[in-house]
Amino acid sequence: MAEHHAVSDGKHKASTNAGGSVHGNSRPGAAGGGGGKGGLSGGLTQPAGWQSLLSFSILFLACLAGFSSRLFAVIRFESIIHEFDPWFNYRSTHHLTTNGFYEFLNWFDERAWYPLGRIVGGTVYPGLMVTAGLIHYMLNLLHITVHIRDVCVFLAPVFSGLTAISTFLLTRELWNQGAGLLAACFIAIVPGYISRSVAGSFDNEGIAIFALQFTYYLWVKSVKTGSVFWTIGCCLSYFYMVSAWGGYVFIINLIPLHVFVLMLMQRYSRRVYIAYSTFYIVGLVLSMQIPFVGFQPIRTSEHMAAAGVFALLQAYAFLQYLKDRLTRQEFQTLFFLGVSLAAGVVFLTVIYLTYTGLYAKIHIPIIASVSEHQPTTWVSFFFDLHILVCTFPAGLWFCIKNINDERVFVALYAISAVYFAGVMVRLMLTLTPVVCMLSAVAFSSVFEHYMGDDTKREKPPAEDSSDEDDKRNSGNLYDKAGKVRKHVSEQEKAEEGLGPNIKSIVTMLMLMLLMMFAVHCTWVTSNAYSSPSVVLASYNHDGTRNILDDFREAYYWLRQNTDEHARVMSWWDYGYQIAGMANRTTLVDNNTWNNSHIALVGKAMSSNESAAYKIMRSLDVDYVLIIFGGVIGYSGDDINKFLWMVRIAEGEHPKDIRESDYFTPQGEFRVDKAGSPTLLNCLMYKMSYYRFGEMQLDFRTPPGFDRTRNAEIGNKDIKFQHLEEAFTSEHWLVRIYKVKNLDNREPLDHKLRSVVPKQKYTSKKTAKRKRGHIKNKLALRKGKKLQKK
Amino acid sequence: MCMNGFVCCDFMFLFVHSDFECILHNIPLSHIFDIKTFSLPSHKIQTLGQTLLSEKLTQMMEWASKRSVIRMNGDKFRRFVKAPPRNYSVVIMFTALQPQRQCGVCRQADEEFQVLANSWRYSSAFTNKVFFASVDFDEGSDVFQMLSMNSAPTFLHFPSKGKPRRSDTYELQVRGFAAEQLARWVADRTDVQIRVIRPPNYAGPLLLGFLLAVIGGLAYLRRHNLEFLFNKNVWAFSALCFVLIMTSGQMWNHIRGPPYAHKNPSTGQVSYIHGSSQAQFVAETHIVLLFNAAITMGMVLLCEAATSDMDIGKRKIMCVAGIGLVMLFFSWLLSIFRAKYHGYPYSFLMG
């Protein structure tokens with residue numbers, strides 16, 4: 001909110017000029033160029049200097065606010081990598097920095113997906129690791145020795161500053177400088193983006209949003225200017241995006257859509273032709289350089305729309321060329337209509353196919369089991385965007401009402417992103433930037449009309465109007481319609497009418513809304529998005545904090561006390577962490593590329609002990625690691641995830657595992673006495689609750705009371721035959737079991753055959769009459785004579 | 001989430017259930033006729049059993065070729081399902097499809113059952129091992145009596161050997177009546193894997209095509225005056241509608257299918273807002289959509305008030321209305337959010 005006050009107060013301050021210029025030098029040159037240009041159009045007078053100074057300081061403050069609001073986790077805990085996927089990214093970045101780039105590209109990781117292994121170099125988007133590695137290299141070159149972990153932890157906050165700058169640039173191209181600054185402030189602190197870019201969350205999305213926004217900025221720029229220079233810049237930025245995140249598909253569909261709609265609106269121009277032709281070819285070639293992407297851009301349906309639009313654009317340009325040469329106008333228009341209709345149909349079917357494919361993917365259990373692949377409720381929208389989600393339709397309205405080439409783009413961006421965000425919570429991330437931009441447009445057009453009334457009266461009217469005019473011109477320089485000019489003159493009349501009271505009330509209320517937004521963002525960031533989830537914290541009634549460091553305790557135990565090549569079986573969520581922190585071989589991990597392997601682990605977890613032992617022997621498992629939250633009431637534990645294990649196992653082994661077996665006849669999932677016997681005897685249940693029945697947590701509850709599920713467990717007498725408990729962490733959060741070797745002497749399952757001694761032959765004859773008898777005398781048995789045929 | 005889906009289904013069940021009980025009491029017992037018995041010389045039984053079996057099989061196949069779900073009455077049921085010489089399994093849906101029964105669940109279940117039976121009937125793996133049949137209450141009420149069944153729909157499997165066991169009754173309450181679930185149950189009971197192939201839903205594309213045709217027709221009729229295509233208000237309005245629909249979580253509704261609102265069965269109180277932040281009712285999303293629209297409209301009004309060339313009084317009203325809309329509905333929305341998201345500390349104007 002400090003930024004907004006800076007806008008209103010800035011005109012009264014004069015002495016901060018020197019400080020401002022220092023700030024300006026410290027920022028990257030792109031912003032400086034932007035501010036300077038606005039100043040130039042104003043004619044190097046005093047107000048222009050003010051404007052660029054203000055822009056600098058606001059942008060700088062926005063970056064600073066964005067950076068520092070992402071540091072909650074570091075300050076509360078420590079500089080640590082968060083969650084699951086970042087651990088893999090960190091591990092591969094570490095590999096990159098220690099072994100070099102080529103070794104990284106050829107890396108075959110034999111410690112994951114035992115016994116299959118994983119080709120890491122060919123199955124990751126390397127942009128993130130290369131970026132972090134490069135920064136680390138540069139810093140070391142300058143003899144600033146930082147650990148690679150710290151580079152990884154602080155990469156996302158730094159990139160959020162860059163995102164703010166690129167959002168400013170893009171919004172300035174779309175609307176005007178004021179809206180750009182507002183958008184930069186919004187994106188710096190909006191929770192929808194912070195959720196993926198807090199310090200320590202070392203993930204692809206953190207840098208990808210910057211790449212996304214910057215690519216869009218360069219695209220808009222190249223459509224506006226039609227110069228190959230900007231387009232090549234756009235391609236390079238696109239290349240960076242492709243190397244960083246799978247979401248590049250969004251760009252390669254949105255830009256063709258933009259071109260297509262421009263053609264439909266008869267806004268085709270040479271600029272569009274140059275921009276798109278260059279972008280498609282160079283971008284295609286560049287994107288195919290990433291090993292993981294490879295030949296996908298010319299094979300898969302997601303990329304076909306771009307190719308179709310490229311062909312269509314060439315056809316259209318050719319027709320335009322013919323149009324100049326031929327005379328039969330009617331024929332041409334008919335021809336054009338036919339071609340465009342056919343192309344449109346092709347394009348729409350391709351899009352339809354793509355999106356149905358995306359929709360169908362949601363229903364595969366392994367994808368459905370991930371919580372971020374769920375559709376989005378309105379609460380999530382409001383939680384992540386707050387006031388912005390209510391106001392950005394207004395910005396969309398203004399954009400469409402004053403349409404031009406680049407506003408077509410932002411409208412399409414908004415509509416497509418909002419659709420995807422509705423389908424999947426995770427894609428809220430792509431919606432967030434456009435919501436910030438359009439909300440900024442809405443707020444800035446309100447502020448434009450309702451702010452600055454008092455200063456205008458103080459100033460001489462002539463200077464005021466020219467200043468006002470210039471500002472408007474620099475903002476709407478590229479508007480085609482002459483409407484805005486009309487607006488200006490109307491506004492001149494209007495501003496005298498509304499009166500200062502109403503204006504100041506409106507301004508104050510709007511500022512209040514924005515202040516609430518800032519407060520909300522801070523609260524959400526601090527409470528919802530700043531937990532490392534590797535270290536947990538609980539708060540007592542008096543506000544003191546308990547740190548639960550069970551995960552690291554257990555992983556460290558594994559690292560220190562087990563054989564270097566020990567194989568650890570766990571559910572796939574913890575694969576990356578085991579590999580990263582314990583440095584042990586895992587069977588499955590968060591890169592869920594092999595469903596049947598995961599299903600096998602799921603089957604082992606959900607069968608009874610002897611069946612599970614067979615599977616574990618066949619997979620060479622040495623240790624089994626599970627997460628159990630019953631002691632402290634941690635809800636994300638394995639018993640709560642257990643039904644997904646059953647479902648995934650059932651998908652591959654429907655004969656052995658049936659989901660309905662794990663429910664009570666009433667269809668409930670219960671762990672107490674009423675639970676189904678299959679559940680009470682499966683491996684996961686036994687491992688979770690082994691010796692838990694002896695433990696009384698509280699005097700009010702019986703022994704063996706599970707705090708997560710609020711139930712007394714049903715099977716307290718758990719004995720293992722093939723496993724033994726190896727380690728249980730302080731709060732029982734992580735339990736590790738050792739799989740025993742086969743016994744030297746296998747006990748038999750059945751009883752030994754009991755040989756009943758035959759009755760001893762005792763002669764009934766008296767001693768006198770005793771004659772000899774022949775032992776084993778052949779007995780004659782009468783049979784039938786074989787009939788001769 | 002699934003449980004919510006079943007709430008209404010459950011109500012329907014109770015309704016049908018009670019309906020049935022009273023009907024069953026009214027049926028005169030004289031309607032139930034006994035099975036005719038006939039005696040045969042013992043040496044012929046073996047061969048007769050064979051011929052009877054093959055006869056029955058051909059009869060069943062003939063019916064199955066006509067329609068994938070064989071409709072049965074009491075007589076047929078006894079002959080083809082109950083009577084012993086049989087080497088095929090029969091999956092029977094007991095239902096009440098007559099309109100006067102008013103069983104909505106039965107109709108939905110029937111559709112799913114048809115989908116399953118058709119997938120089986122037209123699959124390449126079709127054999128005479130499994131048949132699908134249905135018994136309607138109004139055609140074979142005696143069968144219902146015989147099996148002492150008083151609710152519909154019920155799915156039973158009659159195995160080729162032996163008597164139906166407990167697991168041969170499909171747990172409708174637990175598993176729902178989706179064709180895929182039914183297929184899994186059938187696969188479980190009979191070892192026959194059926195891949196459910198739903199007939200593609202042509203309604204959506206047809207509707208879209210119709211819409212496009214109408215638009216095209218209109219455009220053709222007004223081809224000399226295509227100005228309306230360039231009307232920005234229309235486009236802006238439709239874009240706004242789409243955005244509002246998406247941000248209010250209609251997609252979630254579409255995928256999850258929540259109830260419209262929840263009526264507390266004991267107090268009769270209707271709640272429109274779901275208590276948890278993880279779920280929502282349809283009514284709630286409509287409310288949110290309206291609120292969002294109102295806030296958007298407020299913002300637009302604010303701008304219009306400053307820029308339009310109407311007289312000053314009207315513009316002042318517009319301005320006040322705009323800021324009022326924004327403030328009122330935003331604080332209202334915030335209070336709803338606060339009620340759902342427990343522990344959220346901030347509110348504005350209203351608690």
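Every chain is numbered from 1, with letters handed out A, B, ... down the list of sequences.
Only the side chain of B:Ile323 comes within contact range of chain A, with heavy atoms under 4.5 Å apart. Proximity to chain B (any heavy atom under 4.5 Å) is restricted, for A:Phe398, to the side chain, taken from C-beta onward. Contacts between A:Thr376 and chain B at a heavy-atom distance below 4.5 Å involve the backbone alone (N, CA, C, O). Proximity to chain A (any heavy atom under 4.5 Å) is restricted, for B:Val288, to the side chain, taken from C-beta onward. Both the backbone and the side chain of B:Phe337 come within contact range of chain A, each with at least one heavy atom under 4.5 Å from a heavy atom of that chain. For a residue to count as touching a neighbouring chain, one of its non-hydrogen atoms must lie under 4.5 Å from one of that chain's; by this rule B:Gln250 does not touch chain A. Heavy atoms of A:Leu385 lying under 4.5 Å from chain B are absent altogether. Only the side chain of A:Met512 comes within contact range of chain B, judged by heavy atoms closer than 4.5 Å. Residue contact with chain B, scored on non-hydrogen atoms closer than 4.5 Å, involves the backbone and the side chain of A:Phe443 alike. Heavy-atom distances place both the backbone and the side chain of B:Met299 under 4.5 Å from chain A. For A:Leu509, the parts lying under 4.5 angstrom from a heavy atom of chain B are both the backbone and the side chain.
For the atom pair B:Phe330 CZ and B:Ile295 CD1, the distance stands at 6.5 Å (nearest 0.5 Å).
Aromatic ring pairs are classed by plane angle as parallel below 30°, tilted from 30° to 60° and perpendicular above 60°; the pair B:Tyr344 and B:Tyr346 is perpendicular. Note on ring orientation: taking the six-membered ring where Trp is involved, the planes of A:His520 and A:His386 are parallel (angle under 30°, cut-offs 30° and 60°).
For the 3.5 Å distance criterion, the side chains of A:Gln374 and B:Arg256 qualify, holding a donor opposite an acceptor. With hydrogens and angles left out, the side-chain atoms of A:Thr522 and A:Thr525 include no donor and acceptor closer than 3.5 Å.
The greatest number of non-hydrogen atom pairs below 4.5 Å with chain B, out of A:Ala414, A:Ala411, A:Pro393, A:Gly422, is found for A:Pro393. Between chain A and the residues B:Phe237, B:Phe291, B:Phe242, the largest count of heavy-atom pairs under 4.5 Å involves B:Phe242. When B:Glu284, B:Gln278, B:Met310 are compared by the number of non-hydrogen pairs under 4.5 Å with chain A, B:Glu284 comes out ahead. Of the listed residues B:Leu244, B:Asn233, B:Thr285, the one with more heavy-atom pairs under 4.5 angstrom with chain A than any other is B:Asn233. Between chain A and the residues B:Ser331, B:Pro345, B:Gly322, the most heavy-atom pairs under 4.5 angstrom are made by B:Pro345.
Closest heavy-atom contact between B:Val282 and B:Asn253: CA-ND2, 3.9 Å. A:Val434 and A:Ala417 make their closest contact through CG1-CB, 4.3 Å (heavy atoms, listed as atom of the first residue, atom of the second, distance). Nearest heavy-atom pair, A:Cys521 versus A:Pro191, reported as atom, atom and distance to 0.1 Å: SG-CD, 3.4 Å.
At least one side-chain heavy atom of A:Trp175 sits less than 4.5 Å from a side-chain heavy atom of A:Asn402.
Residue-environment remark: CZ (B:Phe210) stays at or below the threshold of 12 foreign heavy atoms within 6.0 Å.
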